[in-house]
Amino acid sequence: MINFILKRLLQSTVVMLFVALISFFLFNFVGDPISNMVGQETSTEDMEQLRENLGLNDPFLVQFARFVGNAVQGDFGISYRLQRPVEELVAERMPATLELVFVSALIAIGLGVAGGLFTGLRKNHWLARLTLTSSLIGVSLPTFIIGILLIYIFAVQLNWLPSFGRGEVVQITDGWSTGLLTGSGWRAIILPAITLALYQTTLILRIIRSEMLEVMRTDFIKFAKARGLKSRDINYGHALKNTLIPVITVTGLQIGSLIAFSIITETVFQWPGMGNLFIQAVQFADVPVMSAYLVLVALFFVVINLIVDLLYFVVDPRLRADLVH
Amino acid sequence: MTKAGLIKFRNDFLDHDITYSFLHSPATIIAALVTLVMFVMAFGAPLFTSYTPFDPGSLNLMDAFIPPAWEDGGTALHVMGTDGQGRDIFAAILYGTQVSLTVGLLSVLLSIGIGIPLGIIAGYSGGWVDTVIMRIADIQLTIPPILIALMIDGITRTSISRDLHEVVAIPVLVASIGIASWPQYARITRSGTLVERNKDYIAAAKLIRTPVPLILLRHILPNVIGPTLIVATIGVAVAIIIEATLSFLGVGVPPTTPSLGTLIRIGNSFLFSGEWWITFFPALTLVILVLSVNLIGDWLRDTFNPKLR
């Protein structure tokens with residue numbers, strides 16, 4: 001097991017270094033960082049001096065090592081657009097995005113697992129058929145259209161829920177503010193969270209359904225039925241447990257996607273999170289923010305994949321048994 | 001062809017499994033018709049509307065915010081109404097669909113253009129070539145294509161000037177969506193190649209010293225391309241969604257050549273003041289287009305390759 005973890009960690013490090021390299025190229029070779037920092041009337045000598053001071057004349061590997069060193073400490077430079085340290089900007093926006101992703105993940109996993117079990121176990125029930133058909137339409141609707149639709153119905157027409165922002169936030173610690181402790185915060189998160197969760201819900205629902213259908217046909221389930229076990233024990237104790245591997249894989253990857261898709265949802269609902277920050281950075285060619293976001297999202301993906309790999313050992317005794325030998 | 005020959009051809013065509021399956025799937029027939037109509041109307045836009053919505057000279061601000069024809073204040077001149085600049089929505093949708101379809105189709109062509117050769121090479125050569133190509137594909141598959149497209153588009157945007165970007169925006173968009181989605185095609189092609197390369201006809205081709213490029217191109221390619229093309233149909237729908245999303249976020253096509261996503265973005269800001277039609281009709285068009293292409297793709301997959309389900 002230690003071996004496996006080490007191998008995975010090594011792989012993750014390679015991926016992160018690769019992303020850091022792209023990010024570094026972006027940072028240093030896209031446009032001239034010096035001309036982005038100084039005013040129009042700076043003399044050429046001063047610019048050369050600044051270049052030397054910043055170490056931009058050092059060999060490539062030295063510069064890259066310095067970049068990685070700074071990135072590890074969370075230092076990505078100053079935002080061109082907002083003239084503030086990037087790590088400050090990101091830290092301010094991170095709670096909003098993580099909260100949104102957390103609530104969406106709960107919705108997606110809750111509804112997805114429940115719906116998948118129902119449609120898998122009672123596949124001929126009319127409600128199951130209806131759920132499946134509507135899930136197909138859900139896949140065809142782009143996220144931003146779902147968002148616009150929800151805003152139009154619940155914010156413009158019915159006026160029940162706010163259409164933008166986070167509502168009232170409470171400062172828990174210095175770096176963390178939450179909207180989940182106030183009524184207006186909860187009201188504000190409902191629409192964006194549903195928008196973000198919908199696509200993921202349908203994916204989880206479909207994978208659980210097809211896995212359940214597959215497992216229910218196997219011999220050990222037939223045998224369990226022949227033994228006269230309660231159907232609840234069969235469904236949840238035997239069948240569901242055996243669908244967990246693909247479900248964990250898909251769910252894990254989907255939570256990664258939630259962070260990526262939050263860019264769209266945050267733009268539609270003007271949610272003050274990292275995705276919103278990133279889109280503005282792209283529009284204004286704010287390279288330090290872009291490269292920081294790139295590295296951060298890659299880190300999220302790598303960590304999630306690592307956790308998914310480790311979860312396999314928890315749910316699959318066969319893997320653990322293999323490792324002993 | 002003789003008359004009898006023609007009749008035989010017609011009967012063969014009607015008796016064919018694929019024709020049968022198509023004629024017995026009403027949803028697919030409708031989807032195919034809808035796609036065809038949209039295609040013709042988008043690329044023959046000047047035949048269906050006399051407006052030139054993206055020529056600023058032809059716009060009249062007096063015509064702004066006219067609601068659809070059946071609402072109070074609507075006119076038959078603007079069936080779907082006009083937007084804030086007096087642009088005819090119907091005409092804008094025709095031209096917008098043209099941009100969306102072009103970007104969607106070209107970017108899928110690019111993804112297959114990258115994915116198929118890499119898949120065949122990986123599958124045929126095996127060893128470290130295979131490992132390297134498929135490892136890259138695996139890593140890329142874990143990141144959603146839309147994020148990769150956003151990154152590539154963003155990087156290009158920052159590295160070239162704004163004026164130059166207007167000119168190359170659409171090729172850049174096609175490239176970013178195309179590069180973002182090649183791994184799935186490489187995977188399918190590779191698994192097909194792994195099966196084909198051990199067959200006798202390949203051994204025979206090797207025996208008579210057919211050069212490897214020729215084996216790949218003439219013998220393997222025709223036998224593995226089918227499933228890839230079927231998946232590519234659904235890929236077109238995905239590419240259209242990605243393009244629309246990027247344009248909606250304001251980082252896709254430039255405002256001078258709006259796609260459906262741009263139109264929805266423009267209309268979105270008028271939603272609160274009650275001008276729902278500016279965003280509704282482009283959004284509806286996008287959803288119908290994507291749904292139709294998806295339905296055709298599903299049908300193709302189920303008919304030609306039930307294994308892929």
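Note that the structure is a prediction, hence the values are computed from the model and not measured. Quick note on labels: first sequence line is chain A, next is B, and so on, each numbered from 1.
In this structure, chain B has no heavy atom under 4.5 Å from any part of A:Leu149. For A:Ile145, the part sitting under 4.5 Å from any heavy atom of chain B is the side chain, from C-beta outward, and nothing else. Heavy atoms of B:Ala237 lying under 4.5 Å from chain A are absent altogether. Heavy atoms of B:Leu286 lying under 4.5 Å from chain A belong exclusively to its side chain. Only the side chain of B:Ile146 has a heavy atom closer than 4.5 Å to any heavy atom of chain A.
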Derivation of the side-chain contact (heavy atoms from CB on, under 4.5 Å) call for B:Thr245 and A:Thr143: CA-CA 8 Å; B:Thr245 308; A:Thr143 314; over 6 Å; no
Test side-chain contact (heavy atoms from CB on, under 4.5 Å) applied to A:Val268 and B:Phe248, step by step: CA-CA 9 Å; A:Val268 178; B:Phe248 175 78; 3.5 Å; yes
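B:Gln140 pairs by the side-chain hydrogen bond (donor to acceptor under 3.5 Å, both in side chains) definition with B:Trp182, not counting sequence neighbours. Listed by chain and residue number, nothing satisfies the side-chain hydrogen bond (donor to acceptor under 3.5 Å, both in side chains) test with A:Glu214 (two or more places apart in sequence, or in another chain).
In terms of non-hydrogen atom pairs under 4.5 Å with chain B, the most contact-rich of A:Asn305, A:Ile148, A:Ile304 is A:Ile148. Here B:Ile264 is the residue among B:Thr279, B:Val293, B:Ile264 with the most heavy-atom pairs under 4.5 Å with chain A.
Here the CZ atom belonging to A:Phe278 is positioned 4.5 Å from the CG atom belonging to B:Leu150, to the nearest 0.5 angstrom. In this structure, CD1 on A:Ile259 lies 10.0 Å from CG on B:Leu147, to the nearest 0.5 angstrom. Rounding to the nearest 0.5 angstrom, the gap separating the OG1 atom in A:Thr267 from the CG atom in B:Asn268 is 10.5 Å.
Taking 4.5 Å as the heavy-atom cut-off, none of the residues of residues 200-213 of chain A approach chain B.
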Per-pair distances, 0.1 Å, donor-acceptor, side chain in residues 12-22 of chain A, under 3.5 Å, sequence neighbours excluded:
unit_1, atom_1, unit_2, atom_2, d
A:Ser12, OG, A:Arg8, O, 2.7
A:Thr13, OG1, A:Leu9, O, 2.6

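Within 6.0 Å of the OH atom in A:Tyr199, the count of heavy atoms belonging to other residues, nucleotides or ligands does not exceed 12.
Among all heavy-atom pairs drawn from B:Leu249 and A:Ile264, the shortest one is CD2-CA, 4.1 Å. Across every non-hydrogen atom of A:Pro142 and B:Ile241, the tightest pair is CB-CG2, 4.0 Å.
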